[in-house]
Protein chains: 2
Amino acid sequence: GGKEIIGPSRASQIMVHGFPGFDNLRTFEDFVLSYDRRTKTAHWVCEHLTPDRLEYDPSVDRAKCAFRSDESMHAYFRSDNTDYKGSGYDRGHLAAAGNHRRTQNAVDQTFLLSNMSPQVGKGFNRDKWNDLEKHVRKQTKKCVNLYVITGPLYLAKKEGDGNLYVKYKVIGKNQVAVPTHFFKSLLIERRPGEFEVENYLMPNEVIPDSVPISSFLVPQEMIERSGGFLLFEKLDKKKLKLVNGKAGGWW
Amino acid sequence: GGKEIIGPSRASQIMVHGFPGFDNLRTFEDFVLSYDRRTKTAHWVCEHLTPDRLEYDPSVDRAKCAFRSDESMHAYFRSDNTDYKGSGYDRGHLAAAGNHRRTQNAVDQTFLLSNMSPQVGKGFNRDKWNDLEKHVRKQTKKCVNLYVITGPLYLAKKEGDGNLYVKYKVIGKNQVAVPTHFFKSLLIERRPGEFEVENYLMPNEVIPDSVPISSFLVPQEMIERSGGFLLFEKLDKKKLKLVNGKAGGWW
Ligand SMILES: [Mg+2]
Ligand SMILES: [Mg+2]
């Protein structure tokens, strides 16, 4: 197909299968984000990818992009670069820069700190999580439309006293939450009207290279219950052919 | 004044000084609530009290009220009575039952579990927190209008490694968060157009009877930054005569 018109209608195109929530929405040129002012990072971001849209403009240069505060957030609730400095964590993209190279503005917007979460660098952001981002682009080349929702999670863990606790570090003067996990849910329109879903959940820690990304597939409900949102709610489930690689599998 | 009309306009009356947020709003007969589907308890509730509105109908009976799930929330995100059972925590009201005795329906709605958070019972819910609720009603009798916003907080704490962590227990199969703290912010219209603010922050733990509630007054910014919302944002600060009992004090 030809180039789509970039305009006000793009958000509804990205969100056509439903909004997980409506808290502090930001509609950027090429992705939509819901911001959590308590944790100072997003609830989720949603992207819409197509084979055409992945073809990038060679004049677009990631090296020109700068990590920067999202001034559209109130000063009490935004993170800044100093929060990350010396923390030991990367500023990890939620909407991946590599998915938005059709315009300089689109890729620039992925560098806003509202689109970042503190991620373990080596062994996660730069390795296994990056593999998952590459998997998304690889799938995009073999489908009609791909929708991907990405976000941080804060999972409860059983402690010695037998009780469950949610525990996460916060960094910098703005107390930016370090998520315990990240998820990525892919809705792949393989052929027109035929869909597949893949739900990945990864711990925010060093993951050995030898572990395949398929070992991080989880039931969608696990992400939804702990995240506090529903994914691709408007999708007609009858059109769903594969879930986590299986016919009639988990939903 | 005479009885106000209870109808669609009541929410805008309650929220006249601004909404702290817009996430999963519920407008009940006599209070407004924003629900956090991640923690399975509210972000905040807001009430509007007047001397008239505290005069209760003697036929209204709290004993007829039952704690019950808020079926308006998706099953993944609502708490139920079994979550609290055996947990050691009370189902603590955010909008206090005693503030809503003008109709049976109004007080009944305060017993929805969306209006509850797990609170330490003896020494907190039944004692110091209850004292604070009584203080609100006492203040109401000496003013024109009183607006009160109440909610749970999850405050970070420094651990042995020098880092800050947010840590809270979750209870029951729905993993309802046990807040580390609760806040109550009072906006008191002492005389028409003259306002006072009191911001209380209490730990969710046994508090000795000897500690006065005034020792829990905190700068409003502390509540706003950790809660991820702004309180009484629309109030013209020039009309603010006292903050935490002091002229020209903290805001
Ligand atoms: Mg990355
Ligand atoms: Mg109580």
Side-chain angles (χ1 to χ4, degrees), chain A residues 20-25 34-41 43-44 73-78 83 86-89 118 151-159 161-180 220-231 233, chain B residues 20-25 34-41 43-44 73-78 83 86-89 118 151-159 161-180 220-231 233:
Chain A
F22 297 93
D23 195 30
N24 299 296
L25 289 178
S34 168
Y35 193 71
D36 181 357
R37 298 186 302 181
R38 176 143 54 88
T39 57
K40 283 75 180 173
T41 181
H43 289 295
W44 53 264
M73 306 298 171
H74 186 284
Y76 285 2
F77 311 126
R78 64 184 181 236
D83 293 320
S87 72
Y89 293 94
L153 291 174
Y154 309 88
L155 298 193
K157 204 169 145 179
K158 192 169 270 188
E159 293 204 355
D161 65 0
N163 294 307
L164 288 167
Y165 293 88
V166 170
K167 182 179 180 184
Y168 54 88
K169 195 190 279 189
V170 297
I171 58 170
K173 71 173 185 344
N174 293 306
Q175 301 199 353
V176 184
V178 181
T180 64
Q220 184 162 318
E221 185 180 326
M222 185 186 282
I223 297 168
E224 292 175 322
R225 284 187 183 266
S226 63
F229 43 69
L230 300 172
L231 301 168
E233 195 186 358
Chain B
F22 298 93
D23 195 31
N24 298 295
L25 289 177
S34 168
Y35 193 72
D36 181 357
R37 299 187 300 181
R38 177 142 54 87
T39 57
K40 284 74 179 175
T41 180
H43 289 295
W44 51 264
M73 307 297 171
H74 186 283
Y76 285 1
F77 311 127
R78 63 186 182 235
D83 293 320
S87 72
Y89 293 94
L153 291 173
Y154 309 88
L155 297 193
K157 205 169 146 179
K158 191 170 272 190
E159 294 204 356
D161 64 0
N163 294 307
L164 287 166
Y165 293 87
V166 170
K167 182 180 179 182
Y168 54 89
K169 196 191 279 192
V170 296
I171 57 171
K173 71 174 185 339
N174 293 306
Q175 302 199 352
V176 184
V178 181
T180 65
Q220 184 161 320
E221 185 181 326
M222 186 187 280
I223 296 169
E224 293 176 322
R225 283 185 184 268
S226 63
F229 43 68
L230 300 172
L231 301 168
E233 194 186 358

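What you are looking at is a predicted structure, and each value in this text was computed from that prediction instead of being measured. Throughout, a chain's letter reflects where its sequence line sits, starting with A, and its residues are numbered from 1. All values below were derived from every heavy atom in this structure, side-chain atoms included, with hydrogens, water molecules and symmetry-related copies excluded.
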| field | Region of A:T39 that comes under 4.5 Å of a non-hydrogen atom in chain B | value | side chain
| said: For residues 165-174 of chain A, give me every residue with a non-hydrogen atom less than 4.5 Å from any non-hydrogen atom of chain B. | reply: A:Y165, A:V166, A:K167, A:Y168, A:K169, A:V170, A:N174
| task | Would you please name every residue forming a ring pair (Phe, Tyr, Trp, His ring centres under 6.0 Å) with B:F77, sequence neighbours left out? | result | B:H74
| field | Set of salt bridge (Lys or Arg N to Asp or Glu O under 4.0 Å) partners for A:R37, sequence neighbours left out | value | none
| query | What pairs with B:D23 under salt bridge (Lys or Arg N to Asp or Glu O under 4.0 Å), at least two apart in sequence or on another chain? | reply | none
| So what's closer than 4.5 Å to chain A heavy atoms on B:A75: side chain, backbone, both or neither? | backbone
| Validation row: A:Y76, B:L230 side chains within 4.5 angstrom (heavy atoms) | yes
| Can you find a heavy atom in the side chain of B:F229 that is under 4.5 Å from one in the side chain of A:R38? | no
